[in-house]
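For the numbers below, each heavy atom of this structure counts, side chains included, while hydrogens, waters and symmetry mates do not.
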Amino acid sequence: MNLKGKTVLVTAGPTRERIDPVRYLSNFSSGKMGYAIAERALLRGARVLLVTGPVAIAPPDGVQVIAIESALDLLDAMQAHAPQADIVIQAAAVADYRPAQVSGQKIKKKDGGAMTIELVE
């Protein structure tokens with residue numbers, strides 16, 4: 001299928017949901033599937049927008065990268081860029097939950113104490 005003249009938006013990788021400035025909740029998504037889809041769309045002639053969480057692989061040359069971190073960042077990027085896309089492929093591994101509150105400073109350990117984090121969907 002020729003995608004010349006089409007804009008393809010692809011999401012890839014994990015999201016990170018901050019607990020404090022040094023800790024976050026995430027998953028093990030590598031982003032490989034989304035990056036492969038972006039590369040194939042590019043090879044078929046599409047203009048490709050790649051909305052990506054933090055991964056350890058390089059994006060294909062020629063795609064427009066939109067870096068995100070959290071699920072809310074992903075939502076903002078999708079609302080900003082999806083209207084211009086002809087095709088949207090969502091391959092990102094989005095967190096199901098995030099901390100209800102994010103600490104502005106590193107949370108100190110308590111000797112033998114437990115940490116409780118309230119999560120919201």
Side-chain angles (χ1 to χ4, degrees):
M1 173 193 255
N2 181 353
L3 295 175
K4 188 174 179 126
K6 301 288 184 191
T7 297
V8 177
L9 184 146
V10 181
T11 66
T15 60
R16 289 181 178 168
E17 306 305 323
R18 293 221 169 261
I19 297 168
D20 66 19
V22 298
R23 295 180 184 90
Y24 58 84
L25 302 173
S26 192
N27 59 60
F28 292 106
S29 174
S30 68
K32 288 180 183 178
M33 180 180 292
Y35 277 52
I37 292 168
E39 182 175 32
R40 295 305 298 172
L42 188 67
L43 291 172
R44 291 176 180 257
R47 171 180 175 242
V48 179
L49 307 175
L50 179 60
V51 179
T52 180
V55 297
I57 55 178
D61 287 337
V63 303
Q64 179 182 339
V65 175
I66 300 142
I68 57 97
E69 184 171 300
S70 70
L72 292 175
D73 294 340
L74 177 60
L75 176 63
D76 290 344
M78 294 301 289
Q79 289 175 333
H81 298 283
Q84 64 184 293
D86 299 295
I87 300 168
V88 175
I89 301 171
Q90 298 185 36
V94 184
D96 295 320
Y97 295 93
R98 61 183 162 81
Q101 294 185 349
V102 177
S103 176
Q105 59 189 17
K106 182 179 175 185
I107 300 169
K108 303 267 188 220
K109 286 194 285 183
K110 298 174 187 167
D111 291 333
M115 178 191 294
T116 301
I117 302 171
E118 181 183 356
L119 301 176
V120 295
E121 200 169 342

Undergrad: Apart from Val120 itself, what residues make up its hydrophobic cluster, given side-chain heavy atom links below 4.5 Å?
TA: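 The other cluster members (ILVMFWY side chains, heavy atoms under 4.5 Å, direct or chained): none.
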
Undergrad: For Thr11, which residues count as a side-chain hydrogen bond (donor to acceptor under 3.5 Å, both in side chains) partner, sequence neighbours excluded?
TA: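 In terms of side-chain hydrogen bond (donor to acceptor under 3.5 Å, both in side chains), with neighbours along the sequence ignored, Thr11 is linked to no residue.
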
Undergrad: Report yes or no: does Glu118 contribute a side-chain atom to a donor-acceptor pair with the main-chain N or O of Gln101 at less than 3.5 Å?
TA: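 Between the backbone of Gln101 and the side chain of Glu118 there is no qualifying donor-acceptor contact (under 3.5 Å).
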
Undergrad: What's the spacing between Arg16 CZ and Ser70 OG if we round to 0.5 Å?
TA: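 Taking CZ in Arg16 and OG in Ser70, the distance rounds to 11.5 Å.
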
Undergrad: Quick one: side chains of residues 29-41, donor-acceptor pairs under 3.5 Å with protein atoms, not counting sequence neighbours, listed by atom name and distance.
TA:
{"unit_1": "Ser29", "atom_1": "OG", "unit_2": "Gly31", "atom_2": "N", "d": "3.4"}
{"unit_1": "Ser30", "atom_1": "OG", "unit_2": "Lys32", "atom_2": "N", "d": "3.2"}
{"unit_1": "Tyr35", "atom_1": "OH", "unit_2": "Thr52", "atom_2": "OG1", "d": "2.9"}

Undergrad: Checking Ile107 now: which residues fulfil side chain to side chain contact (heavy atoms under 4.5 Å, CB included) with it, not counting sequence neighbours?
TA: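 So Ile107 forms a side chain to side chain contact (heavy atoms under 4.5 Å, CB included) with Ile19, Asp20, Arg23, Ser103, Met115.
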
Undergrad: Between OG1 of Thr15 and CG of Asn27, what distance do you get to the nearest 0.5 Å?
TA: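 The CG atom of Asn27 is 6.0 Å from OG1 of Thr15, to the nearest 0.5 Å.
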
Undergrad: How far apart are the closest heavy atoms of Pro99 and Ile117, and which atoms are they?
TA: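 In terms of heavy atoms, the two residues are closest at CB-CG2, 4.0 Å.
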
Undergrad: Do Met78 and Val10 sit in the same hydrophobic cluster, where Ile, Leu, Val, Met, Phe, Trp and Tyr count as joined when their side-chain heavy atoms come under 4.5 Å apart?
TA: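 Different clusters.
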
Undergrad: Which pairs with one or both residues in residues 66-80 pass salt bridge (charged side-chain N to carboxylate O under 4.0 Å, His left out), sequence neighbours excluded?
TA: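 Only Arg18-Glu69 qualify under salt bridge (charged side-chain N to carboxylate O under 4.0 Å, His left out).
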
Undergrad: Going hydrophobic residue to hydrophobic residue with side-chain gaps under 4.5 angstrom, can you get from Leu74 over to Leu49?
TA: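 Yes, because Leu74 and Leu49 connect within a single hydrophobic cluster, where side-chain heavy atoms sit under 4.5 Å apart.
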
Undergrad: To check you understand the geometry: which heavy-atom pair defines the closest contact between Gly104 and Pro21, and what is its length?
TA: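 Closest pair (atom of Gly104, atom of Pro21, distance): O-CG, 3.3 Å.
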
Undergrad: Any link between Val94 and Tyr97 through a network of hydrophobic side chains (Ile, Leu, Val, Met, Phe, Trp, Tyr) touching at under 4.5 Å?
TA: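 No: no chain of side-chain contacts under 4.5 Å links Val94 to Tyr97.
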
Undergrad: Over all heavy atoms of both residues, which pair between Asp86 and Gly5 is shortest? Give the atoms and the distance, please.
TA: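 So the minimum-distance heavy-atom pair works out to OD2-O, 4.0 Å.
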
Undergrad: Show me the side-chain donor-acceptor pairs of residues 55-66 shorter than 3.5 Å, one per line, residues at least two apart or across chains.
TA:
{"unit_1": "Gln64", "atom_1": "OE1", "unit_2": "Arg47", "atom_2": "NH2", "d": "3.3"}

Undergrad: Rounded to the nearest 0.5 Å, what's the gap from CG on Leu50 to CD1 on Ile89? Could you check?
TA: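 Answer for the CG-CD1 pair, Leu50 versus Ile89, is 11.0 Å.
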
